[in-house]
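Everything below concerns the one structure shown next.
Residue numbers start at 1 and run along the sequence shown. Heavy-atom basis, side chains included; hydrogens, waters and symmetry copies ignored.
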Amino acid sequence: MKPKFYDSRNMIKRARHTKLEIKTTEGGGRFLAGYASTFESPEEYDDYGDIFNSKSYDAFVEEFNKGNAKVVMLSQHNDTIPIGLWTAFKVDDKGLWAEGEIANTRAGDDMVELVNKGIVDSLSVGLVDVLYRDLEEMTEWGYPVREITRAKPIEVSPVTFPANEHAKI
């Protein structure tokens, strides 16, 4: 099956997440954890008309766990503002769980402050290597809902405005 890539009416970045928190270790490291992507029904499509199936991240997680993938943490998808690195991913019944460490930089400090104040309260995924299939269900704007069957995150960002309305902390 040849990969289908997003057309011009879509961005590659997708948001699917629900919980986010920052923890500090005794050594001063700051860790962020939450759902980078969730599995929803066709009726709960995101702002781009997408849902992710429960197998969409399996190949990625396998490669990540072998050390064959690196996923950066950006601030608001801005590739000029890296703020950390994601250190663990797992798939469960709810979605793709991510854990990462926020760097001790000015941008990292700013993100910690924004998350702690509830200003930034979601995660959003930047994807490549995406496969999808159109479903019979239609979005409110008249396009088929797309079920993502394979996706590889290259970055996951804490964001203010996620594509998924359920993407709140």
Under 4.5 Å between any side-chain heavy atoms of Val145 and Glu43, yes or no? no
Atom pair CG/NZ of Asn65 and Lys90 - distance to nearest 0.5 Å: 11.5 Å
Closest heavy-atom pair and its distance - Arg146, Tyr48: NH2-O, 4.0 Å
What pairs with Asp92 under side chain to side chain donor-acceptor pair (under 3.5 Å), at least two apart in sequence or on another chain? Tyr35
Apply side-chain contact (heavy atoms from CB on, under 4.5 Å) to Ala69 and list each qualifying residue two or more places apart in sequence or on a separate chain. Phe60, Phe64
Do Leu85 and Val72 come close enough that some side-chain heavy atom pair is under 4.5 Å? yes
Measuring only between side-chain heavy atoms, which start at C-beta, is Met73 closer than 4.5 Å to Pro158? yes
Do Phe52 and Thr149 have side-chain heavy atoms sitting under 4.5 Å apart? no
If I compare all heavy atoms of Ile83 with all of Ser75, which pair ends up nearest, and what's the gap? CG2-CB, 4.0 Å
Using side-chain contact (heavy atoms from CB on, under 4.5 Å), reason through Tyr57 and Trp97 one step at a time and then give a plain yes or no. CA-CA 10 Å; Tyr57 293 108; Trp97 179 260; over 6 Å; no
CA sep, side-chain torsions, deciding dist, call: Leu127, Ile154, side-chain contact (heavy atoms from CB on, under 4.5 Å): CA-CA 6 Å; Leu127 303 171; Ile154 58 168; over 6 Å; no
Would the distance check show the side chain of Thr87 and the main-chain N or O of Glu99 forming a donor-acceptor pair, the cut-off being under 3.5 Å? yes
State, yes or no, whether a side-chain contact exists between Phe39 and Ser56 at a heavy-atom distance under 4.5 Å. yes
For Pro162 and Asp47, the nearest pair of non-hydrogen atoms, with its separation, is O-OD2, 3.9 Å
Electrostatic pair Asp58-Arg150, nearest N-O below 4.0 angstrom: no
Applying side chain to side chain donor-acceptor pair (under 3.5 Å), name anything that partners Lys66, two or more places apart in sequence or on another chain. Glu62
side-chain contact (heavy atoms from CB on, under 4.5 Å) test vs Pro144 passes for just one of Met138, Glu136, Glu137, Arg133, namely Met138
Without swapping roles, check the side chain of Glu147 against the backbone of Tyr132 for a donor-acceptor pair under 3.5 Å. no
Using every non-hydrogen atom in the two residues, find where Gly100 and Trp86 come nearest and quote the distance to one decimal. N-CE3, 3.4 Å
Do Ile51 and Leu135 have side chains that approach each other closer than 4.5 Å (heavy atoms only, starting at C-beta)? yes
Testing the basics here: between Ala36 and Val156, what is the closest heavy-atom pair and its distance to 0.1 Å? CB-CG1, 3.9 Å
Kindly indicate, with the supporting measurements, whether the criterion side-chain contact (heavy atoms from CB on, under 4.5 Å) is fulfilled by Arg106 and Asp110. CA-CA 6 Å; Arg106 178 177 285 167; Asp110 289 348; 4.0 Å; yes
Has the side chain of Asp50 got a donor or acceptor atom that lies under 3.5 Å from a matching backbone atom of Asp46? no
Criterion side-chain contact (heavy atoms from CB on, under 4.5 Å) on Ser157 and Leu74, from CA distance to verdict: CA-CA 5 Å; Ser157 294; Leu74 300 177; 3.4 Å; yes
I'd like to check Leu96 versus Val61 (side-chain heavy atoms, cut-off strictly below 4.5 Å). Are they in contact? yes
